[in-house]
Amino acid sequence: MLKSINCGALRLEHVGQTVTLAGWVHRRRDHGGLIFFDLRDRSGLVQVVFNADISAKAHALAESVRPEFVIQVQGVVAARPEGLINPNLATGEIEVEAHQLTILNPAKTPPFPINENTPVRDEVRLKYRYLDLRRASMQQNLILRHQVTTFIRQYLNNQDFLEIETPILLKSTPEGARDYVVPSRIHPGKFYALPQSPQQMKQLLMVAGYERYYQIARCFRDEDLRADRQPEFTQLDLEMSFVESQDVRDLIEAMLIELVESVSDMQIQQKPFPVLTYHEAMERYGSDRPDLRYGMPLVDLTDLVRHSRFGVFANTVAAGGRVKALRVPGAASFSRKRIDQLTDEVKARGAKGLVWLKAERDGLRSSIAKFLSEEEKDGIIQRTAAEEGDLILAVADTAAVVHETLGWLRTHLAAELNLADPNTLAFCWVVDFPLLEWDEEEKRWVAVHHPFTSAKPEHWALLETDPGKALANAYDVVCNGMEVGGGSIRIHDAGHQQQVFRALGISEEEAWSQFGHLLEAFSYGAPPHGGIALGLDRLVAILAREESIREVIAFPKTASAMDLMLQSPSPISPQQLAELHLRIVPPEK
RNA sequence: GGGGGCGUAGUGUAGUGGUCAACACGCCGGCCUGUCAAGCCGGAGAUCGCGGGUUCGAGUCCCGUCGCUCCCGCCA
């Protein structure tokens, strides 16, 4: 080894020892006859002192060293005198008196500072990701990620799970996200697809009798990106045989609680996790992944304003729509301009407008106040529990638009007003999702979760009569307004599976050609089974208090799915194209 | 596919029609034996993302384009 001990490990107990250190020069402070380095390795920083009186040679060489040089130092650990102790450094009670210095590799001046957490443009960070990863915040995040995966593996291994790898070269399927595809050289014109998730393989592992499986699985989806979406991402994928919904939830809930307690100082708001139905979550929070760190529930005014003289309300209700409101605490001071901005946002999400009412000492002030009866005004104040200084925002529209817009306002305004405690983790389960939803563009039913999700046992009949009413035996785990995982009890018999394919408008021939392996497997004794997939990147991002999952992925892609360091994707040679039997059709201008 | 924000020395920013540009950090040189975001003195460094247009004059206004980013659509 080129070093005898890690920089960050040095303590008072090492005083007097001769040590060899190796690492990067984090910072240098040159006082002439005395030069200080903060020497960094993965374990942390330690101060190294070059004293011309102790080793003129080492001191002379140290003058030429610059930040990010890789060096080796041999020296003696010394206690720092009283008054020279640095309480901000774990190794601040000691320093290393350098006797020998070797420059293992010099370094160019880095394009951005490694030794401080100043903001840097993402394009520069990503181009030099290997330098960005040297920074303390990225190192902490990746260490945390390692702790999370290590904990999960140990936890599940102790629960009798097997970690089993499934193929990366898989098969394209018609349902779901766009696939990343890989051309076959051996089979001209044919393609593999990268897994969107190992869903079918893990179900086949259940058929194969492995009973408890998990995998830290890479998944690929060729869709447009977001702060919390990358083209490739990591799931904790898990499946169990002979279980019911409650069993999977109990296991995951216990694991998440222990995980948080072992790797984080954040507090879980409520244990056991609250369970909401999809219907409750939408009605109360306008979202199927509600942030429960704060209240601000949506309040239903539909019956109150059914006969309102304010035509928008009455007409909406008459047309079968809904009128709901949101109390924003202390926001009566919002300017007209601010409310106009909110109105624009709400319109962009499909609403026709936004009604505002300000709770003032002598009642409600609003552009629509003159249309509202005393009974309506009192009812609004009572139901929203509005107090002086509060702002009430109301939307009248279809239930879907009302929930979408008020749900957005709720989370957006809560963030703006800092209503969410950043040290709290508000986990909850959302259950009883619809099995199917109507796709207006495609004019057909599509799976809310995926087509292998089982309906609630008593709801199978609904699939034939009223498909939209059938509820799924599915569950999502949500934390602080983010979906961190979703799972279900799966279909394990070919009849139900065919029934779902029929409801989705997939013909029997197509079902057999695309999913024949699954249907056939189900005929050879498939056990009842279910599981879950947790978004590992999102989970780690939440624990790291990061907004974007890019901050917890070593080499992420940009919002346009490029790797700025590798300059990927990139063209391939004509020879490669020929081998793969591919010809490029340039996009039309 | 659509919409918003951003792009000015290596990095972060200022500069919204009038000497082609300022500040901080970094970088280079000098001084300095107790600093730890070291200090002091001096210096170098920018075709203002790119292309076009408007104008007597464009970092600044307009159009296009590229890149980063956020959002909608999309994401079984």
Side-chain angles (χ1 to χ4, degrees), chain A residues 26-39 45-54 59 63 66-68 78 80-89 91-92 95 97 108-128 131 173-179 195-197 199-200 219-231 233 341 344-345 347-350 404 408 412 435-437 439-441 445-453 472 474 483 486 488 500-501 504 506 514-515 533 535 547-548 550 557-560 562 564 589:
Chain A
H26 191 66
R27 206 172 257 125
R28 61 191 298 275
R29 294 176 290 279
D30 186 345
H31 289 233
L34 206 57
I35 300 173
F36 301 95
F37 287 177
D38 290 336
L39 187 62
L45 299 176
V46 70
Q47 173 163 282
V48 178
V49 195
F50 294 88
N51 189 326
D53 296 338
I54 290 171
H59 176 270
E63 284 183 328
R66 292 294 179 271
E68 300 308 313
R80 294 204 198 182
E82 189 81 21
L84 295 179
I85 287 170
N86 183 351
N88 301 319
L89 209 57
T91 59
E95 62 191 4
E97 193 178 79
K108 291 201 288 188
T109 302
F112 53 84
I114 309 296
N115 51 22
E116 40 191 294
N117 262 330
T118 50
V120 177
R121 277 206 311 278
D122 280 3
E123 24 187 329
V124 183
R125 289 180 60 197
L126 291 175
K127 181 176 175 192
Y128 299 98
L131 297 179
T173 53
E175 291 285 300
R178 292 185 185 90
D179 287 314
Q196 298 176 26
S197 95
Q199 179 63 33
Q200 295 182 52
C219 305
F220 306 84
R221 291 178 192 174
D222 186 8
E223 297 290 349
D224 287 349
L225 309 184
R226 292 283 192 286
D228 62 349
R229 277 176 11 203
Q230 282 275 306
F233 61 99
Q341 284 171 355
D344 288 344
E345 292 283 357
K347 283 180 175 169
R349 285 164 176 77
E404 161 71 19
W408 181 85
H412 180 81
L435 188 66
L436 307 173
E437 66 185 346
D439 186 315
E440 198 48 50
E441 270 182 32
W445 293 98
V446 295
V448 169
H449 202 60
H450 56 58
F452 316 111
T453 303
E483 182 195 329
S488 63
V500 169
F501 286 148
L504 295 173
I506 298 173
Q514 296 295 339
F515 303 106
E547 295 284 326
S548 169
R550 283 189 301 272
K557 301 202 173 27
T558 69
S560 58
M562 294 215 295
L564 295 179
K589 281 263 166 139

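Computed from heavy atoms alone, side chains included, the values below leave out hydrogens, waters and symmetry copies. Reminder, nothing fancy here: chain letters follow the sequence lines and each chain counts from 1.
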Where the side chain of [X] is defined as all heavy atoms beyond and including C-beta, which of [options] is the nearest nucleotide?
X      : options             : value
A/A227 : B/U69, B/U35, B/C70 : B/C70
A/P111 : B/C74, B/G10, B/C36 : B/G10
A/S560 : B/C68, B/U11, B/U35 : B/C68

Quote, to the nearest angstrom, the [atom1] distance that separates [N] from [M].
N     : M     : atom1 : result
B/A46 : B/C20 : C1'   : 10 Å
B/G7  : B/G49 : C1'   : 6 Å
B/U55 : B/C71 : C1'   : 37 Å
B/U8  : B/A58 : C1'   : 14 Å
B/G59 : B/G15 : C1'   : 8 Å
B/C32 : B/G39 : C1'   : 9 Å
B/C62 : B/G18 : P     : 15 Å
B/C48 : B/U16 : C1'   : 14 Å

Separation of atom [atom1] in [X] from atom [atom2] in [N], rounded to whole Å:
X      : N     : atom1 : atom2 : result
A/L225 : B/C74 : CG    : P     : 16 Å
A/R28  : B/G26 : CZ    : C1'   : 13 Å
A/F50  : B/C32 : CZ    : C1'   : 18 Å
A/E95  : B/G34 : CD    : P     : 13 Å
A/I114 : B/G10 : CD1   : P     : 17 Å
A/K347 : B/G3  : NZ    : P     : 19 Å
A/H412 : B/C71 : NE2   : C1'   : 11 Å
A/L39  : B/C36 : CG    : C1'   : 14 Å

Which part of the nucleic acid, if any, lies within reach of [X] when heavy atoms closer than 4.0 Å are counted: base, sugar-phosphate only, or nothing?
X      : result
A/D30  : base
A/L564 : sugar-phosphate
A/D122 : sugar-phosphate
A/S197 : base
A/A177 : sugar-phosphate
A/V49  : nothing
A/R125 : nothing
A/P67  : sugar-phosphate
A/Q199 : base

[X] vs [N]: side-chain N/O to OP1/OP2 distance below 4.0 Å:
X      : N     : answer
A/R121 : B/G5  : no
A/R66  : B/G10 : no
A/R29  : B/U35 : no
A/R27  : B/A38 : yes
A/T109 : B/G10 : no
A/R226 : B/C72 : yes
A/T118 : B/C25 : no
A/R178 : B/C74 : no

Just name whichever nucleotide pairs with [N], Watson-Crick or G-U, keeping both distances under 3.5 Å, else none.
N     : result
B/C68 : B/G5
B/U35 : none
B/U47 : none
B/U13 : B/A22
B/C40 : B/G30

State whether the distance check finds a donor on one side and an acceptor on the other, under 3.5 Å, for side chain A/N86 versus base B/U35. no

A/R349 (side chain) and B/C71 (base): donor-acceptor pair under 3.5 Å: no

Minimum heavy-atom distance between [X] and [Y], given as atom pair plus value:
X      : Y      : result
A/R80  : A/L89  : NH2-CD2, 4.2 Å
A/L131 : A/P111 : CD1-CD, 3.4 Å
A/A447 : A/L504 : N-CD2, 3.4 Å

Which word best sums up how the rings of A/W408 and A/H412 line up, parallel for under 30°, tilted for 30 to 60°, or perpendicular for over 60°? parallel

Do the rings of A/F515 and A/F452 sit parallel, tilted or perpendicular, given the 30° and 60° boundaries? perpendicular

Side chains of A/Q47 and A/R29, donor plus acceptor under 3.5 Å: yes

Quick check, does A/H31 stack with B/G34? I mean ring centres under 5.5 Å and planes off by under 30°. no

By a 5.5 angstrom centroid cut-off and a 30 degree plane limit, is there stacking between A/F36 and B/U35? yes

5'-most contact on RNA chain B: A/S548 or A/E404, nearest heavy atom basis? A/S548

On RNA chain B, does the nearest nucleotide to A/E123 precede the nearest nucleotide to A/F112 from the 5' side, or the other way round? Give the residue. A/F112

Salt bridge A/K127-A/E123, side-chain N to carboxylate O under 4.0 Å: no

Are A/R221 and A/D179 ion-paired here, with the side-chain N under 4.0 Å from a carboxylate O? no

A/F36 and A/F50: CA distance, side-chain angles, deciding distance, ring pair (Phe, Tyr, Trp, His ring centres under 6.0 Å) verdict: CA-CA 6 Å; A/F36 301 95; A/F50 294 88; 9.6 Å; no

Before we go on, tell me: are the rings of A/F220 and A/F233 under 6.0 Å apart, centre to centre? no

